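One is the number of the first residue; the rest follow in order along the sequence. Counting starts at 1 for both ligands and their atoms, following the listed order. Fair warning: this is a prediction, and the values are worked out from it, not measured in the lab.
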Amino acid sequence: MTPSETVLLPGTGPHREEALDRAVCLLLEGELVAFPTETVYGLGALATAADAVARVFVAKGRPSDNPLIVHLASPREIDLYARPGPVVSELAAAFMPGPLTLVLPSRQSIPAIVRAGLPSVALRIPDHPLALELLERTGPLVAPSANRSGRPSPTRASHVVDDLDGRIAAVLDGGSCRVGIESTVLDLCSRTPRILRPGTISAADIAAVIGPVATADPRSGDQSAAPPAPGMKYRHYAPAIPVELHLLEEVEGEEGFDLKIDFKADESVLLLLSEQFEPEKVVPESDRVAVRRLDEESLFTRFREAEKEGVDRIVVVARRRELSEGMLNRLQKAAAS
Ligand code: TXA
Ligand code: MG
């Protein structure tokens with residue numbers, strides 16, 4: 001049954017404990033509750049209740065072949081749901097809780113629907129006090145990003161309401177998410193660990209702890225480049241307005257970089273520039289062009305605000321070397337039509 005009204009629960013301030021109690025009760029009853037993590041808001045449901053998990057796919061409009069991440073309160077629980085290999089304890093010590101998801105051989109305790117039938121399961125310990133308190137009280141929760149499938153991930157409670165109002169029981173409001181893009185997904189089922197989805201924890205960060213890591217990054221020249229996570233084949237992170245990406249490669253000197261962006265007089269544009277870019281090099285002065293800086297924390301919020309403000313086009317101009325792997329990936333996905 002689809003709940004008719006979505007309740008907003010205040011996760012900060014004097015009613016925090018009541019809000020948490022209510023969120024826990026709803027989840028234990030098999031309802032869907034969105035909650036904040038350090039990356040983006042997740043849409044929570046009991047990971048061991050196949051019927052609750054089925055409702056997550058319906059609420060998001062998510063294809064059933066796209067598996068979900070199971071969130072845990074502590075790395076000590078990993079062994080209950082997966083068969084950890086030798087490097088897991090090192091990764092846990094370095095990055096957990098934090099924005100890293102590990103794909104490991106699953107145990108039977110995880111229903112097949114969570115894994116979209118795969119033999120592996122994705123596990124993550126979020127670094128957010130509200131998420132951790134919830135997880136301690138409910139046990140493992142699936143939590144895909146709490147957006148309608150294909151939309152930018154939500155980094156504020158209001159984004160979740162915009163996408164899922166009337167389709168889920170509640171949203172636990174914890175304010176803005178600190179990281180802003182989704183976790184790095186690392187596959188540990190093959191011989192060489194492979195990054196399936198880049199995030200703020202980079203390939204180099206992981207390699208410093210466990211040695212060589214394969215990536216799907218074409219710049220790495222890695223021929224064993226990973227097929228992306230099942231979810232990465234879908235158009236993603238995209239606002240309802242066109243996103244145009246202009247990347248300045250290392251070899252091009254700034255002087256020689258001629259953008260030729262065609263700004264129409266009657267068009268409203270959001271121009272996102274990487275940190276070291278001078279706006280004057282790109283944009284004619286116009287009150288129809290809003291110039292903002294690119295950063296991970298605000299990227300999806302900017303996309304969603306531009307939609308609401310009736311912007312016609314989002315133009316991104318960035319030096320490639322200024323972008324993290326995660327940022328480059330999200331921009332390329334958003335710009336792909
Ligand atoms: O930061 C995050 O990871 C957020 C927060 C809420 O924790 N969650 C999130 O979940 O981004 P979702 O469902 O939007 O993305 C999960 C990604 C998808 O690309 C999915 O295909 C992949 O992880 N994935 C999940 N289980 C997998 C598995 N067993 N093997 C390979 N990829 C998997
Ligand atoms: Mg998602």
Side-chain angles (χ1 to χ4, degrees), residues 32-45 47 53 56-57 59-72 81-83 95-107 110-128 130-132 134-135 140-155 157 159-160 163-164 171-172 174 177-190 193-201 216 226-238 296 300 326 329-330 333-334:
L32 310 186
V33 178
F35 63 89
T37 79
E38 82 281 31
T39 57
V40 301
Y41 276 75
L43 179 55
V53 175
V56 169
F57 285 91
K60 278 182 58 81
R62 182 175 177 112
S64 59
D65 65 351
N66 190 3
L68 306 176
I69 298 174
V70 175
H71 293 60
L72 304 174
Y81 304 102
R83 284 179 282 116
F95 302 117
M96 293 182 166
L100 178 67
T101 295
L102 301 181
V103 175
L104 294 165
S106 182
R107 292 195 192 278
I110 298 295
I113 186 173
V114 171
R115 303 178 260 123
L118 295 173
S120 59
V121 63
L123 299 176
R124 148 166 149 79
I125 294 95
D127 186 16
H128 193 292
L130 285 171
L132 290 172
L134 266 190
L135 289 162
L141 296 173
V142 293
S145 51
N147 50 283
R148 290 294 283 265
S149 209
R151 303 260 305 128
S153 290
T155 54
H159 302 166
V160 181
D163 275 20
L164 296 175
V171 184
L172 183 61
C177 299
R178 172 169 57 80
V179 174
I181 65 167
E182 308 85 345
S183 62
T184 304
V185 178
L186 180 68
D187 182 6
L188 293 175
C189 292
S190 51
R194 300 197 293 184
I195 291 182
L196 304 183
R197 180 178 71 182
T200 41
I201 295 181
M232 300 290 278
K233 69 174 178 271
Y234 299 104
R235 183 167 189 250
H236 244 93
Y237 320 118
E296 286 175 7
F300 292 144
N329 170 271
R330 302 313 186 272
K333 285 257 166 190

Contact with ligand 1 for A143, non-hydrogen, under 4.0 angstrom: yes
Reported CD1-to-CG distance for the pair I195 and N329, which is rounded to 0.5 angstrom: 10.5 Å
Nearest candidate to atom 25 (C) of ligand 1, where distance is taken over non-hydrogen atoms, out of P67, P119, P36, A34: P67
Distance, nearest 0.5 Å, that separates OG of S145 from CG of L43: 9.0 Å
Member of T39, V179, L135 meeting the side chain to side chain contact (heavy atoms under 4.5 Å, CB included) criterion with P126: L135
Salt-bridge criterion met for R330 and E296 (N-O under 4.0 Å): no
Distance-only donor-acceptor check, side chains R197 and S183, under 3.5 Å: yes
Under 4.0 Å to a heavy atom of P144 - the qualifying atoms of ligand 1, by number: 10 (O), 12 (P), 13 (O)
Side-chain donor/acceptor of K60 to backbone N/O of N147, under 3.5 Å: yes
Sub-4.0 Å heavy-atom approach of R197 to ligand 1: yes
Whether P99 lies under 4.0 Å from ligand 1, heavy atom: no
Atoms in ligand 1 flagged as close to S145, the criterion being non-hydrogen separation under 4.0 Å: 8 (N), 9 (C), 10 (O), 12 (P), 14 (O)
Region of R62 that comes within reach of ligand 1 [heavy atoms, distance under 4.0 Å]: side chain
Residues which pass ring pair (Phe, Tyr, Trp, His ring centres under 6.0 Å) with F300, listed by chain and number, not counting sequence neighbours: Y237
Structural part of L196 in contact with ligand 1, heavy atom criterion under 4.0 angstrom: side chain
Nearest candidate to atom 3 (O) of ligand 1, where distance is taken over non-hydrogen atoms, out of G199, S183, S153: S183
N-O pairing of E182 and R124 below 4.0 Å: no
Region of H71 engaging ligand 1 - heavy atom pairs below 4.0 Å: side chain
For A122, all residues meeting side-chain contact (heavy atoms from CB on, under 4.5 Å), sequence neighbours excluded: I69, T101, V103
S149 backbone or side-chain N/O/S under 2.8 Å from the Mg ion (ligand 2): no
N/O separation below 3.5 Å, R124 to ligand 1: yes
Y41 (side chain) donor-acceptor with C177 (main chain) under 3.5 angstrom: no
Proximal ligand 1 atoms for G42, defined as those under 4.0 Å from one of its heavy atoms: 6 (C)
Per-atom contacts of ligand 1 with E182, taking only distances under 4.0 Å to non-hydrogen atoms: 1 (O), 2 (C), 11 (O)
Element-labelled atoms of ligand 1 that are located less than 4.0 Å from some non-hydrogen atom of N66: 18 (C), 20 (C), 21 (O)
